[in-house]
Amino acid sequence: LRYLKAKRKQIFISLITILSMAGVALGVMALVIVLSVMSGFVEDLKTKILGTNAHLVIMQHGSPLRDYKEIIRKVQGVEGIVATTPFIFSQAMLTSETNAHGIVLRGIDPDTAGRVINIQETLKKGSLNDLKKEEDSIGQPGIFIGKELAQNLGVLPDDTVVVVSPLGALAPMGGSPPMKKFRVTGIFDSGMYEYDTSLAYISLKSAQKFLAMGDTVSGVEVKVKDIYAVKKIAQRIQKELGFPFWTKDWMQMNKSLFAALKLERTVMFIILVLIVLVAAFGIVSSLIMVVMEKNKDIAVLKSMGATGKSIMRIFIFEGLIIGVVGTIVGLIAGYTICVLLAQYQFISLPSDIYYISHLPVKMNIIDFFLVAFSAIGISFLATLYPSWEAAKLDPAEALRYE
């Protein structure tokens, strides 16, 4: 501890020691904040994706599902299934008096959809019961559209929109695409710009009628107990139903997105570890200068019987004190900033560019241990060369001219 302080004439060495600690602290703080934000980003994205989409979908090769009620009955007997609901999926065009927009049209069963997807929680106006009325007093079925889509089209609740589909039966007089008026009975806000600008929900019966699908559906959506056991559950369903049915889980549907996020998190960790490496060079230079300053002390200790290992230990401990203090300060600073970010959300993001509107934070104890271990490990490695040089010092050479 005494060696960490320099004499008045060697105050520069003390300054290097402080700067080395600050460098380690800064690197650790940056690592903690970035890893927590990346974890929060992945978790927030996962929650929003799984809120709008099912954990698992069951479809049939080449054609819609005809006996979907029988399929649902079979699937509900599979272990790990919480709920199921049929759905219809189609591309369409939504037009208002002022604008038009391409959409993904989803037909859902108002009675069972709420058990599988969190549509009710995202609705700012309206409820799933509004979709049960296939047609209102003026002969228009209800439709739910996203907040951003409503703004783009310039429509409000109870306004009328027209859905134009490239699919379904052709008009009697020729090849014009089928179209139908719908009344906006609900506006939802999923928190994801991509969904809020391109998704619209109508009732399953309205979708079947509009797309001339009869009593068929595109597939069955499934909610499972454990989202990370979804692959095993998919295999059980596949075994139960057999060919020509196939399944796709949420991991497969968003594979590229989560793979990109994982890669980005790894790259960020490597880049920010370089900050700690730069601080480690500060520890090396600080210890080398201390060894040069304490040449006489080392020589005296060795002449009194101190071994090379004990001398080496002194400087390893000195470097580790710098690293450990810097790491602790960095962890505390990083944790404090993460708590403030999570509580006050003072950094907002443009929702038309990013999936989310604010910077999310999720602190993992494993990340804290990983950062601390990396920083202290690098600090330890930085002490080896100066300590080895100190242990090699020949006392006769150091004291020859004293």
Side-chain angles (χ1 to χ4, degrees), residues 52-54 64-66 68-69 72 85-173 176-190 195-221:
T52 309
N53 296 298
L65 300 183
R66 296 192 178 281
Y68 65 92
K69 289 174 185 172
I72 287 172
T85 184
F87 74 95
I88 289 172
F89 182 92
S90 177
Q91 301 286 336
M93 178 76 77
L94 197 63
T95 65
S96 66
E97 290 181 0
T98 57
N99 215 334
H101 206 285
I103 60 162
V104 172
L105 188 67
R106 283 179 66 172
I108 57 171
D109 180 5
D111 293 321
T112 58
R115 298 175 205 158
V116 177
I117 56 175
N118 300 333
I119 182 169
Q120 188 62 60
E121 288 82 347
T122 63
L123 281 172
K124 294 177 76 180
K125 290 177 183 175
S127 73
L128 277 169
N129 290 328
D130 295 331
L131 287 186
K132 286 184 183 179
K133 305 167 191 169
E134 281 186 64
E135 292 191 353
D136 58 15
S137 56
I138 52 174
Q140 294 176 355
I143 187 170
F144 293 164
I145 62 173
K147 181 185 74 170
E148 301 292 337
L149 183 57
Q151 287 178 358
N152 291 344
L153 294 173
V155 296
L156 296 168
D158 294 326
D159 283 355
T160 298
V161 291
V162 177
V163 178
V164 184
S165 172
L167 307 172
L170 295 175
M173 298 301 292
S176 63
M179 56 181 71
K180 186 169 177 63
K181 288 184 178 180
F182 286 81
R183 189 169 63 86
V184 179
T185 52
I187 292 177
F188 63 86
D189 181 8
S190 67
Y195 290 153
D196 292 343
T197 50
S198 61
L199 199 55
Y201 296 98
I202 59 175
S203 74
L204 196 71
K205 287 183 180 177
S206 297
Q208 287 172 335
K209 197 183 291 184
F210 175 62
L211 298 168
M213 290 179 68
D215 192 25
T216 65
V217 296
S218 300
V220 174
E221 292 182 305

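Count residues from 1 along the sequence.
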Answer yes or no: is there a side-chain heavy-atom contact under 4.5 Å between [X] and [Y]?
| X | Y | result |
| --- | --- | --- |
| Leu149 | Leu199 | no |
| Val104 | Gln91 | yes |
| Lys180 | Ile202 | no |
| Leu105 | Phe210 | yes |
| Asp189 | Glu148 | no |
| Tyr68 | Thr216 | no |
| Asn99 | His101 | no |
| Pro86 | Thr112 | yes |

* To do: Would you please test Phe188 and Asp196 for side-chain contact (heavy atoms from CB on, under 4.5 Å) and show each step?
  => CA-CA 7 Å; Phe188 63 86; Asp196 292 343; 3.6 Å; yes
Between [atom1] of [X] and [atom2] of [Y], what distance do you get to the nearest 0.5 Å?
| X | Y | atom1 | atom2 | result |
| --- | --- | --- | --- | --- |
| Leu128 | Tyr201 | CG | OH | 9.5 Å |
| Ser206 | Ile108 | OG | CD1 | 10.5 Å |
| Thr185 | Phe144 | OG1 | CZ | 4.5 Å |
| Asp159 | Ile145 | CG | CD1 | 8.5 Å |
| Ile119 | Thr85 | CD1 | OG1 | 10.5 Å |
| Lys181 | Ile143 | NZ | CD1 | 14.0 Å |

* Between Thr98 (side chain) and Gly154 (backbone), is there a donor-acceptor pair under 3.5 Å? -> no
* Asked: More than 12 heavy atoms of other residues, nucleotides or ligands under 6.0 Å from CD of Gln151: is that the case?
  ->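 More than 12 heavy atoms, drawn from other residues, nucleotides or ligands, come within 6.0 Å of this atom.
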Kindly give the heavy-atom pair with the smallest separation between [X] and [Y], and that separation in Å.
| X | Y | result |
| --- | --- | --- |
| Leu131 | Gly142 | CD2-O, 3.5 Å |
| Ser218 | Phe89 | OG-N, 2.9 Å |
| Val184 | Val161 | CG2-CG1, 4.0 Å |
| Asp111 | Arg115 | O-NH2, 3.6 Å |
| Gly107 | Ala207 | CA-CB, 3.9 Å |
| Thr52 | Arg106 | O-NH1, 3.3 Å |

* **Test: Arg66 and Asp215 ion pair at under 4.0 Å** =>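 Answer for the salt bridge query: no.
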